[in-house]
*Asks:* 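Got a structure for you, written out below as structure tokens; questions coming shortly.
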Amino acid sequence: MAIPPKLAPTAQEWHVTADASRGAAAPPELVQLLTPEGERVEHPDYDIDLKPEEVRSLYRDLVLVRRIDLEAVALQRQGELGIWASLLGQEAAQIGSGRALTDADMAFPTYREHGVAWCRDVDPVKLLGLFRGVNHGGWDPREHNFHLYTIVIGSQTLHAVGYAMGVQRDDAPSATIAYFGDGATSQGDVNESFIWASVFNAPIVFFCQNNQWAISEPLEKQTRIPLYRRASGFGFPGIRVDGNDVFACLAVTRQALKNAREGQGPTLIEAYTYRMGAHTTTDDPTRYRVASELEAWKLKDPIERVKSYLFKNELADQAFFDSVEAEAEQLGADLRRRCLAMPDPAPLDIFDHVYAEPHPLIDEERAQYAAYLEGFEQR
Amino acid sequence: MAIPPKLAPTAQEWHVTADASRGAAAPPELVQLLTPEGERVEHPDYDIDLKPEEVRSLYRDLVLVRRIDLEAVALQRQGELGIWASLLGQEAAQIGSGRALTDADMAFPTYREHGVAWCRDVDPVKLLGLFRGVNHGGWDPREHNFHLYTIVIGSQTLHAVGYAMGVQRDDAPSATIAYFGDGATSQGDVNESFIWASVFNAPIVFFCQNNQWAISEPLEKQTRIPLYRRASGFGFPGIRVDGNDVFACLAVTRQALKNAREGQGPTLIEAYTYRMGAHTTTDDPTRYRVASELEAWKLKDPIERVKSYLFKNELADQAFFDSVEAEAEQLGADLRRRCLAMPDPAPLDIFDHVYAEPHPLIDEERAQYAAYLEGFEQR
Amino acid sequence: MTILSLSKALNEGMRKAMEDDPKVLIMGEDVGKLGGVFRVTDGLQKDFGEDRVIDTPLAESGIIGTAIGLALRGYRPVCEIQFDGFVFPAADQIITQLAKMPMRSLGAIKLPVVVRIPCGGGIGAVEHHSESPEAYFTHTAGLRVVACSNPADAYTMIQQAIRSDDPVIFFEPKRRYWEKADIDTADTGWWTPLDKGKVVRPGTDATLVAYGPMVKTCLEAAKAAEDDGRSLEVIDLRSLNPLDTPLVMDSVRRTGRVVVVHEAPVNSGFGAELAARITEQCFYHLEAPVLRVGGFSTPYPPSKLEEHYLPDLDRVLDAVDRSFGF
Amino acid sequence: MTILSLSKALNEGMRKAMEDDPKVLIMGEDVGKLGGVFRVTDGLQKDFGEDRVIDTPLAESGIIGTAIGLALRGYRPVCEIQFDGFVFPAADQIITQLAKMPMRSLGAIKLPVVVRIPCGGGIGAVEHHSESPEAYFTHTAGLRVVACSNPADAYTMIQQAIRSDDPVIFFEPKRRYWEKADIDTADTGWWTPLDKGKVVRPGTDATLVAYGPMVKTCLEAAKAAEDDGRSLEVIDLRSLNPLDTPLVMDSVRRTGRVVVVHEAPVNSGFGAELAARITEQCFYHLEAPVLRVGGFSTPYPPSKLEEHYLPDLDRVLDAVDRSFGF
Ligand SMILES: Cc1ncc(C[n+]2csc(CCOP(=O)(O)OP(=O)(O)O)c2C)c(N)n1
Ligand SMILES: Cc1ncc(C[n+]2csc(CCOP(=O)(O)OP(=O)(O)O)c2C)c(N)n1
Ligand SMILES: [Mg+2]
Ligand SMILES: [Mg+2]
């Protein structure tokens, strides 16, 4: 095998820009079932037969999670949350993949998977706990088969593979899905998780939302070839899907999960999408990216295309759209109200749940601090 | 892109054995220029034109490093070394790649690259320091452009890439080579080094000696596809070479180094070879591998095939072989003598070189310990 | 009664735990056919199969990370880190995930993961094979940290660690692996909980506090001191986090003098915590400051020098002398 | 004189270092166009180019590992770890390589690598963004560990750290980034070497020992104590390894009472080393045990509770009271 000939760049030219497709043009290998204009297209390997009510339901999901997200951003602006990581633009990737999961499947999110959380029936107000600073994770992962948000980039991918190895050992007919971003693909842990998954043929789907940015760093800082190809180096299939196309995300993830459940091992899905907002509410993307890029991606909005599709095919009328809108408003208002009503934790909660079994030092510190606080009250 | 159809294994069958070629049969993608029988073969992409004296010189290298290694094993058996990691079977991979380096190139070894050290003019006795316990690294890396042995698996690959990034910044016409084993490919660091190298298009060659074993773990515990294919997931070329063929190792490494120097970025070379001995002198391979495997690989000995080639083509006579043998004996005896003559370090050496600049706590501890030792002497 | 080496006692303890609970798994590098480089898992794969005794890819972060995932699925993984010096690639998974996930989940998640680490020097090994990294973990809230020092404790403590619903960092004194004792495996010492220490030699004049490999050294020192007419009490802490404070303080209040001994560097080592805590709680009982004997503030030296780096009987007794000199 | 915030002072210090020495590089996540999430490297890439201010792939082990390689090639990399809680993926490269390689080479290798870590809490952040991991590094021989507490020191210390031929872990108190001071950048305070502490407020009755973010807290406490008629001396350690022992011991001998303050958990924290060492060296001068104020033995809590976790003026004064109560 020959080393592919390549023009030798000069020493000054070694800043490689490999994937210049970040802008408007869709890269060639992309699985797409619904165009930005709302046209259904065929794909030789993936197809999906969705009943009208299923499409409407997906549309509703997309609108509602966007509304949850918008409300959270607003809550942060008003000082009710310390920070918020917006999913704006990534709704289709999350709803498509999230709706592909069965109840028995297990999901491991990052900190941005509010749409997947929605699919896993996690009450949206519980997502706010971490960002409001009242807890580090507000739901019971076992109840929803949805793990807690993980902030340390990439570390959840290993937990997911370990979990999938457990599923294998239980001989259970379920799959595990691990979410992560484009930036995360550079972490040792993510690559180790690929190795584990492949060596043990674990029933797992790696779902990478390539939103083109890791805070201020464009994709080229993490890779010089399309991310889905990473999988080939580890011996399992990788596939790139239009991350703004909820049909395609659903179809591709469903197939990958099925393969996993049937013992065919891991798949890497790269959902090609875009982070429309700031990295988090504390970020200022104008420092590092150009407005035209955002404009190009606006034309690919994941919700608009489903709406067009429903309209054009007369699968929904204005009354439907209005009712979803009203539901979204209701959900937003409700979320806001319940956010403000969230009780603050009590000081002595600091000492809870550090250990599952009794721990004398924790008990001692709790008692001391309680006495200290009491001393204050008595003053 | 479709997920390749694959027979679904049952839940009990997910222990994948992907690379069943570890035995005698050479895998197809292998670059080979000299067969185990000593026949020169052509390769469409790689060739090499070696003068008779160059081949004799390579032969001499191979024999001498095997002799050094044997002597070290013997020294360990006799208690003169604490442990030794034998290169037996890997001579061609090391001499081939080591001789491909120019003086200005920089090499980062593991703990087993005694053959590469030889090519970098490191006095063999200096290799023994670490294993005899008189130091942690006995040569000046800058003098030889050969870094110290690294024991923490894979960590040197990042140092190598960083070094190569420095070379880029210096606009220097040299390349860097990072050595590591098959087991090391599972470490996060090694995969991160692939990412860095590819993103920065660093002038580096990754030289993986796949000796089929990581202590007791066979290759299948690290990968389910051939290792050289890992590179494709990161966007740079990977190539598998017959690691027991010194011509092929030389040719392939030379080309990869040249590409690196010319700004074409990284290459992964998988040198397909076999660890003929134990992992280290404290290991007992009979616990985990079958004798027949060893027998099959004996037929592929890296030295025998060069000898056959020299013989058959009348490029060397018995006198030459005898002289190399004599030189080897001499080298072995010399190494033994100089090993025994190595001075033990002095107790207070413990405190040296911990910091480059003065450090009061170290000084205090040194003084205290000196006084303590003196107290003993006075008793 | 059976005569068992420390490594065999661990092996038998794990075997018992695996028999008792099918959710117990062993995982690590070379733990299968080889039985680990110290043979601590010898024979377990043969008897329990490859699904329960898992030879993993060569990556420590992967070992701990997947063990966490297995624990989330209801398993109780026992991970082997091959040598002390190789725990650091797993530091992130241990410190940010294993230690913190239970609290992160408000108690919904329990992580019964044991991380076995052969530790310490004295075996003539090369770099990274003689480290004592316990202080990195005692400072990490959410972990339990224990160290066994003898075969009987090894047998019991490993089972207790596996049964614990908390993550446990389990240190094994590698140079004591081959030391033997007569053990009654039927009578497994469950009456001493995992988080309690032991007075392993009573004494009246000063207290030696140690754990893991240094317990034996301290016992030898105490024996030698006896000839000089000094009665030294020796405490085997066994648990570093939590610390058996009542046991330690009771001894210190009786003797008034303390020497803390470990192999790790003294600087910011676990002995600092002991010294600080003892002084806080026994200020008026101390006749001398708590003295610390341990490694120097240098990397572990090449093995020809390790006898100088490692605390030995003489350095312990020197510290005792200094304590009496106050 | 110029009015600079602590973050801007660091920025100016790095700029100066880069101007002085073309081998100085900046590397890390988002250090380029964004200028770092705290803007500490703001504008440097614009002025020094992408080859000297390097946005790296998202992997901390990679950052430190390649920085080591660059240092081997003669560069002086200054690495930014984005937040304290994300240093752990780099633990192995820092502990087994960066700290030990110079000694491994018998002095042939110098590794002038600076690892900048914004540290500590108090900014209302989510998990992993408020950690104080200094004790992991003070226990690691081969590293220098320093912490700046104010703009003037920040400006000077970062330059001294970059000039040092040893690896330096450089802690920056993130909640003090925005605090300003009038600095004479021409008169850069080189007369205080990097490894020396400072008495930042003289006093006679007790000594408060702190570093980084807690220096300000201690100064406030000392001010408040003045009203109660207590004169507290405040020491800003600046260097944790090595420790400015003479400075600390001199103060303790004068005051006889010490309270050590840091944000990290008290248990096995750096305060333990201070307490142990002070007690060893000043046993007969101490009127009370060295008391420690710091974080609890728990993970850092959610931000609504951080005011309880973090030492504040009241908790410091409470400890002072307890010290006087002995
Ligand atoms: C180990 C670690 N390093 C750094 C960070 C800081 N950080 C938070 S998000 C982020 C970028 C992540 O990018 P990507 O993986 O693409 O996910 P996205 O935020 O775009 O969804 C960084 C660097 C972190 N959380 N964890
Ligand atoms: C981080 C780390 N983990 C574990 C070890 C223990 N160890 C030493 S060599 C080895 C196997 C290495 O296998 P491979 O990379 O194939 O190299 P080889 O020894 O076969 O040349 C292991 C696990 C180590 N040195 N470093
Ligand atoms: Mg991203
Ligand atoms: Mg190998």
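Throughout, protein chains are lettered first and strands after them, A, B, ... in sequence-line order, and every chain is numbered starting at 1. Not measured: the values here are computed from a predicted model.
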*Asks:* Measure the CZ-CZ distance between A:Phe351 and D:Phe296 for me, rounded to the nearest 0.5 Å.
*Replies:* 4.0 Å
*Asks:* Would you find more than 12 non-hydrogen atoms of other residues, nucleotides or ligands less than 6.0 Å from A:Lys126 atom NZ?
*Replies:* yes
*Asks:* Please state whether the side chain, the backbone, both or neither of A:Ile215 comes within less than 4.5 Å of a heavy atom of chain D.
*Replies:* both
*Asks:* Where do D:Pro302 and A:Gly133 come nearest, in terms of heavy atoms and distance?
*Replies:* CB-O, 3.1 Å
*Asks:* Look at A:Gly183, A:Gly82, A:Gly129 and state which one has the largest set of heavy-atom pairs under 4.5 Å with chain D.
*Replies:* A:Gly183
*Asks:* Output, in order, the C-alpha distance, side-chain angles, deciding distance and verdict of side chain to side chain contact (heavy atoms under 4.5 Å, CB included) for D:Glu60 and A:Gln187.
*Replies:* CA-CA 8 Å; D:Glu60 289 73 13; A:Gln187 280 286 6; 2.8 Å; yes
*Asks:* Could you look at D:Arg322 and say if it's the side chain, the backbone, both or neither that has a heavy atom under 4.5 Å from chain A?
*Replies:* neither
*Asks:* Considering only heavy atoms, which portion of D:Gln45 lies under 4.5 Å from any heavy atom of chain A: side chain, backbone, both, or neither?
*Replies:* neither
*Asks:* Less than 4.0 Å between a side-chain N and a carboxylate O, is that true for A:Lys221 and D:Asp55?
*Replies:* no
*Asks:* Donor-acceptor pair, distance only, cut-off 3.5 Å: does the side chain of A:Tyr372 make one with the backbone of D:Asp318?
*Replies:* no
*Asks:* With a 4.5 angstrom heavy-atom cut-off, is it the side chain or the backbone of A:Ile350 that approaches chain D, or both, or neither?
*Replies:* both
*Asks:* Go through A:Ile153, A:Ile83, A:Val134 and name the one with the most non-hydrogen pairs under 4.5 angstrom from chain D.
*Replies:* A:Val134
*Asks:* Do the charged groups of A:Asp284 and D:Arg39 touch, with an N to O distance under 4.0 Å?
*Replies:* no
*Asks:* Chain D heavy atoms under 4.5 Å from A:Arg366: which part of the residue, side chain, backbone, both or neither?
*Replies:* neither
*Asks:* What part of D:Tyr300 gets within 4.5 angstrom of chain A, counting heavy atoms only: side chain, backbone, both, or neither?
*Replies:* backbone
*Asks:* Please report the interatomic distance OG(A:Ser155) to CZ(D:Phe86), rounded to the nearest 0.5 Å.
*Replies:* 9.5 Å
*Asks:* Main chain of D:Ser297, side chain of A:Glu365: is a donor-acceptor contact present, judged purely on distance under 3.5 Å?
*Replies:* yes
*Asks:* Decide salt bridge (charged side-chain N to carboxylate O under 4.0 Å, His left out) for A:Asp349 and D:Lys304; before the verdict, give the C-alpha distance in whole Å, the side-chain angles of both, and the deciding distance to 0.1 Å.
*Replies:* CA-CA 11 Å; A:Asp349 290 357; D:Lys304 291 263 184 192; over 6 Å; no
*Asks:* Could you report the tightest heavy-atom contact between D:Pro299 and A:Val354, atom names first, then the distance?
*Replies:* CD-CG1, 3.8 Å
*Asks:* What are the two closest non-hydrogen atoms of A:Gln222 and D:Leu58, and how far apart are they?
*Replies:* OE1-N, 3.0 Å
*Asks:* What part of D:His128 is in contact with chain A, defined as an atom under 4.5 angstrom from a non-hydrogen atom: side chain, backbone, both or neither?
*Replies:* side chain
*Asks:* Under 4.5 Å, counting heavy-atom pairs only, tell me which of A:Asp189, A:Thr282, A:Asn135, A:Asp283 racks up the most with chain D.
*Replies:* A:Asn135
*Asks:* Can you name the closest pair of heavy atoms from A:Glu217 and D:Glu29 and give their distance?
*Replies:* OE2-CA, 3.3 Å
*Asks:* Between A:Tyr369 and chain D, with a heavy-atom cut-off of 4.5 Å, which part of the residue counts as in contact: side chain, backbone, both or neither?
*Replies:* side chain
*Asks:* Quick one: what part of A:Leu130 sits under 4.5 Å from any heavy atom of chain D, side chain, backbone, both or neither?
*Replies:* both
*Asks:* A:Ser186 and D:Ala59: which non-hydrogen atoms are nearest, and at how many Å?
*Replies:* O-CB, 3.3 Å
*Asks:* To the nearest 0.5 Å, how far apart are CG in D:Leu305 and CG in A:Asp344?
*Replies:* 8.0 Å
*Asks:* Dump the intermediate steps for side chain to side chain contact (heavy atoms under 4.5 Å, CB included) on A:Arg287 and D:Asp42, then the final yes or no.
*Replies:* CA-CA 11 Å; A:Arg287 291 179 71 99; D:Asp42 192 26; 2.5 Å; yes
*Asks:* Determine whether A:Phe376 and D:Asp314 satisfy the following criterion, side chain to side chain contact (heavy atoms under 4.5 Å, CB included), listing intermediate values before the conclusion.
*Replies:* CA-CA 10 Å; A:Phe376 264 92; D:Asp314 288 324; 3.3 Å; yes
*Asks:* Mind checking whether D:His129 and A:Ile151 have side chains closer than 4.5 Å, heavy atoms only?
*Replies:* yes
*Asks:* Heavy-atom distance under 4.5 Å to chain D: side chain of A:Asp182, backbone, both or neither?
*Replies:* neither
*Asks:* Which is it for D:His308 and A:Leu373 under the side chain to side chain contact (heavy atoms under 4.5 Å, CB included) test, yes or no, and what are the steps along the way?
*Replies:* CA-CA 10 Å; D:His308 289 281; A:Leu373 288 178; 4.1 Å; yes
